[in-house]
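Every number for a ligand or one of its atoms is a count from 1 in the order of the listing.
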Amino acid sequence: MDPEKAHHFTFSLIRIVNAIPGLGAINRALFRPKSKDSINLWGLHFPNRVGLAAGFDKDGKLYRELYNYGFGFIEVGTVTPKAQAGNPKPRLFRLPEDEALINRMGFNNGGVEELAERLKAKRPKDLIIGGNIGKNKLTPNEKALDDYRICRKALHPYVDYFVVNVSSPNTPNLRDLQEKEPLKAILRALKEDDAQEAESKPILLKIAPDLSDSQLDDIIEIVEETQIEGLIATNTTISREGLNTPGSRVEEIGAGGLSGQPVRERANEVIRYLKQNAKTDFPIIAVGGVQSKGDYQEKLDAGASLVQVYTGFIYQGPSLVKRLLA
Ligand SMILES: Cc1cc2nc3c(=O)[nH]c(=O)nc-3n(C[C@H](O)[C@H](O)[C@H](O)COP(=O)(O)O)c2cc1C
């Protein structure tokens with residue numbers, strides 16, 4: 001089956017299964033881990049350290065059902081101010097020999113208002129929700145700040161933390177916003193807007209695994225200067241190095257972000273570098289290639305406070321979180 005169709009199929013299946021009276025509770029009993037690897041961070045209580053990474057439930061259509069599969073937190077988005085279709089299909093590809101995916105979805109989503117509406121629904125008391133925010137494809141980078149501000153404001157009442165996504169490879173020129181000056185301007189403005197709210201919410205920045213050491217030094221400086229609450233490391237990579245999948249197949253797939261096993265070690269390196277070189281001890285959410293308990297432990301050993309999964313959930317299925325925390 002086409003991987004995007006398979007995603008929609010699984011999505012519908014999760015919804016249907018959990019709508020059957022009693023089956024949600026059975027799923028919870030089967031898949032929510034007993035171990036309480038809980039942690040308090042930014043004034044939030046995370047029931048465990050494993051979260052669902054951004055991009056799986058972009059529009060917040062399934063977070064209550066996904067909770068049954070054990071996640072301690074779920075990140076919705078990336079969402080943009082206006083709905084947009086994303087890139088032409090096919091745009092999601094499986095690389096089974098590498099336990100990896102390549103995607104060039106391009107922030108397909110229903111827009112921030114629709115997401116905010118869905119997040120008003122009653123949710124499990126201990127479920128932490130992150131809101132991952134981006135800019136519309138048609139918004140030029142000079143106006144990107146407006147898009148991030150619109151999304152932050154619309155989601156503020158409904159999410160527990162924010163993630164500023166400037167690291168997707170699938171929106172043209174988005175990653176230029178990772179440069180020092182534009183990034184500082186965006187984060188400063190979001191912190192100022194947040195300060196106007198009655199209740200402050202943590203703001204994190206999600207970075208690419210393809211940054212050089214000197215760009216990582218800039219990121220550290222930016223975090224320390226803007227006093228955002230932490231980082232998410234990392235997004236998908238544009239690198240195609242060291243893959244088992246034949247080169248001809250990789251070439252045929254074309255552009256997009258590579259996730260899963262091939263990004264695991266690079267994500268670890270980035271986290272270690274940030275931890276070793278930062279003067280302040282800001283928390284990092286690790287993401288990239290976690291498919292086993294060993295991979296999960298590696299991320300914690302690298303210095304991460306929390307860990308997210310995406311591709312591992314696709315390949316390993318609903319028992320993944322329980323196995324990571326066993
Ligand atoms: C199909 C797909 C869509 C994604 N969409 C987003 C997104 O909208 N925003 C985002 O910040 N990251 C997105 N990601 C990146 C993941 O959140 C994660 O950072 C990356 O896949 C590495 O983790 P993994 O190896 O566990 O998949 C997406 C990943 C995939 C595979």
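The part of Leu101 lying near ligand 1 is the side chain, judged by heavy-atom distances below 4.0 Å. Residue Thr78 touches ligand 1 through backbone and side chain together, judged by heavy-atom distances below 4.0 Å. The part of Lys58 lying near ligand 1 is the side chain, judged by heavy-atom distances below 4.0 Å.
Taken to the nearest 0.5 Å, the CD atom of Glu65 stands 4.5 Å off from the CG atom of Leu62.
At the top of the distance list for atom 20 (C) of ligand 1, counting protein heavy atoms only, stands Thr236 CG2, 3.8 Å. What sits closest to atom 26 (O) of ligand 1 on the protein, heavy atoms only, is Tyr310 N, 3.1 Å. From the protein, the heavy atom lying nearest to atom 31 (C) of ligand 1 is Ser259 OG, 3.5 Å. Closest to atom 27 (O) of ligand 1, if we only count protein heavy atoms, is Thr311 OG1, 2.6 Å.
For ligand 1, one of its N or O atoms has an N or O atom of Thr234 under 3.5 Å away. The shortest N or O to N or O distance between Gly260 and ligand 1 is below 3.5 Å.
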Item checked: Intermediate values then yes/no, side chain to side chain contact (heavy atoms under 4.5 Å, CB included), Val307 and Ile285 -> CA-CA 5 Å; Val307 177; Ile285 302 182; over 6 Å; no
Checklist line | CA sep, side-chain torsions, deciding dist, call: Tyr310, Tyr315, ring pair (Phe, Tyr, Trp, His ring centres under 6.0 Å) | finding: CA-CA 9 Å; Tyr310 188 136; Tyr315 278 94; over 10 Å; no
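With respect to the salt-bridge test (charged N to carboxylate O, under 4.0 angstrom), the residues Glu114 and Arg118 qualify. Salt bridge annotation for Glu298-Arg272: absent, with no cationic side-chain nitrogen under 4.0 angstrom from a carboxylate oxygen.
Comparing heavy-atom distances from atom 16 (C) of ligand 1 across Ala54, Gly55, Gly51 singles out Ala54 as nearest. Within the set Asn132, Asn235, Asn103, the minimum heavy-atom distance to atom 2 (C) of ligand 1 is found for Asn103.
No option in Asn170, Asp210, Asn235 other than Asp210 meets the side chain to side chain donor-acceptor pair (under 3.5 Å) test with Arg175. Just one residue in the list Leu258, Val250, Ile102 forms a side chain to side chain contact (heavy atoms under 4.5 Å, CB included) with Thr245, and that residue is Val250.
With ligand atoms numbered from 1 in the order given, ligand 1 contributes 1 (C) to contacts under 4.0 Å with heavy atoms of Leu92. Remark: ligand 1 atoms within the under-4.0 Å shell around heavy atoms of Lys206 are 10 (C), 11 (O), 12 (N), 15 (C), 16 (C), 17 (O), 18 (C), 19 (O). In the vicinity of Val287, heavy-atom distances shorter than 4.0 Å reach the ligand 1 atoms 18 (C), 19 (O), 22 (C), 23 (O). For ligand 1 and Gly289, the ligand atoms under 4.0 Å from any heavy atom of the residue are 24 (P), 25 (O), 26 (O). Heavy-atom contacts of Asn165 reach the following atoms of ligand 1: 9 (N), 10 (C), 11 (O) (cutoff under 4.0 Å).
Residues Phe313 and Phe71 place their aromatic rings such that the two centres sit under 6.0 Å apart.
Note on ring orientation: taking the six-membered ring where Trp is involved, the planes of His7 and Phe56 are perpendicular (angle over 60°, cut-offs 30° and 60°).
Environment of NZ in Lys82: sparse, with no more than 12 heavy atoms of neighbouring residues, nucleotides or ligands closer than 6.0 Å.
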